[in-house]
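Data first, discussion second: the structure below is written as structure tokens.
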Amino acid sequence: VPCDALLIQGAAVTNEASLTGESTPQMKEAVVADGAAGKEALDIVSAHRMHTLYSGTTLMQHSTPPEDVVKRYNLQDGGCICYCLRTGFASSQGQLVRMIEYSSEQVMSDAKETLALLLLLLVFALMA
């Protein structure tokens, strides 16, 4: 998926392992825009997460929207209809890349803790 996109019509199964590390595929459904649900604010981080396709994920399967939607929008491949929300460094994958690329925090280990752990391992090794 090249961008963060809101799924408007259709359904999809995505593999989000590149972002979350979770190996289980995620089912994504079209957002409901009718009635009171259509008036609530879009929250792709929590409330509308199941309606959002994230950049960097793999689309494993999609379902075709109803026939009238396919004809109305002239969908050649019968794919889902999505609305692009974010691209580039603003997308989920872009934020992850930026965090890795520009992180300046150094990982420091305490020498005393390391020595204590090594001594503990030595004790177990000698006991075995």
Side-chain angles (χ1 to χ4, degrees):
V1 179
C3 64
D4 289 352
L6 181 66
L7 192 58
I8 297 173
Q9 289 285 335
V13 177
T14 60
N15 182 358
E16 296 181 348
S18 61
L19 295 178
T20 63
E22 185 177 348
S23 62
T24 307
Q26 301 294 313
M27 181 70 182
K28 304 290 184 171
E29 298 175 354
V31 68
V32 178
D34 298 334
K39 294 181 181 173
E40 82 180 68
L42 184 63
D43 182 16
I44 64 171
V45 175
S46 59
H48 297 105
R49 184 170 179 80
M50 68 178 293
H51 310 297
T52 308
L53 303 175
Y54 293 100
S55 173
T57 60
T58 305
L59 186 63
M60 300 174 70
Q61 181 181 4
H62 68 79
S63 65
T64 306
E67 191 63 34
D68 62 326
V69 173
V70 172
K71 287 181 183 177
R72 182 175 356 144
Y73 294 109
N74 194 21
L75 300 178
Q76 300 298 318
D77 60 355
C80 299
I81 298 175
C82 297
Y83 179 79
C84 179
L85 299 171
R86 301 182 292 198
T87 61
F89 281 119
S91 69
S92 299
Q93 184 181 26
Q95 290 172 357
L96 181 63
V97 167
R98 189 175 352 149
M99 182 182 67
I100 293 169
E101 187 76 26
Y102 299 115
S103 105
S104 60
E105 189 175 320
Q106 296 290 327
V107 177
M108 302 295 284
S109 65
D110 188 42
K112 291 179 185 177
E113 289 178 5
T114 306
L115 183 60
L117 181 61
L118 288 174
L119 288 174
L120 181 68
L121 290 172
L122 178 65
V123 168
F124 280 118
L126 293 174
M127 287 177 24

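Hydrogens, waters and symmetry mates are skipped; everything else that's a heavy atom, side chains included, is used.
Checking Leu19, Val1, Thr87 one by one against Gln93, the side chain to side chain contact (heavy atoms under 4.5 Å, CB included) holds for a single residue, Leu19. With Thr57 as the fixed residue, the side chain to side chain contact (heavy atoms under 4.5 Å, CB included) test singles out one of Lys28, Gln26, Glu16: Glu16.
Contact detail for Ala12 and Leu7: the closest heavy-atom pair is N-CD2, 4.1 Å. Of all heavy-atom pairs spanning Gly79 and His62, the tightest one is CA-CE1, 3.7 Å. Summarising the geometry of Tyr54 relative to Arg49, their closest heavy-atom pair is OH-NH1, 3.3 Å, with the distance given to 0.1 Å. Considering every non-hydrogen atom in both Asn15 and Met60, the closest pair reads CB-SD, 3.6 Å. When all heavy atoms of Ser18 and Gly56 are compared, the pair lying nearest together is OG-O, 2.7 Å. Smallest separation of non-hydrogen atoms from Ser63 and Cys80: O-SG, 3.7 Å.
When hydrophobic clusters are built by joining Ile, Leu, Val, Met, Phe, Trp and Tyr residues whose side-chain heavy atoms come closer than 4.5 Å, directly or via intermediates, Met127 is grouped together with Leu120. Taken together through direct or relayed side-chain contacts under 4.5 Å among Ile, Leu, Val, Met, Phe, Trp and Tyr, Val31 and Ile81 form part of one hydrophobic cluster.
Listed for the Gln95 side chain is a donor-acceptor partner under 3.5 Å among the backbone atoms of Ala90. Judged by distance alone, with hydrogens and angles left aside, the side-chain atoms of Asp4 form no donor-acceptor pair with the main-chain N or O of Leu85 at under 3.5 Å.
Once rounded to the nearest 0.5 Å, the distance linking OG1 of Thr114 with CG of Leu119 reads 11.0 Å. In this structure, CG on Leu121 lies 11.0 Å from CG on Leu126, to the nearest 0.5 angstrom.
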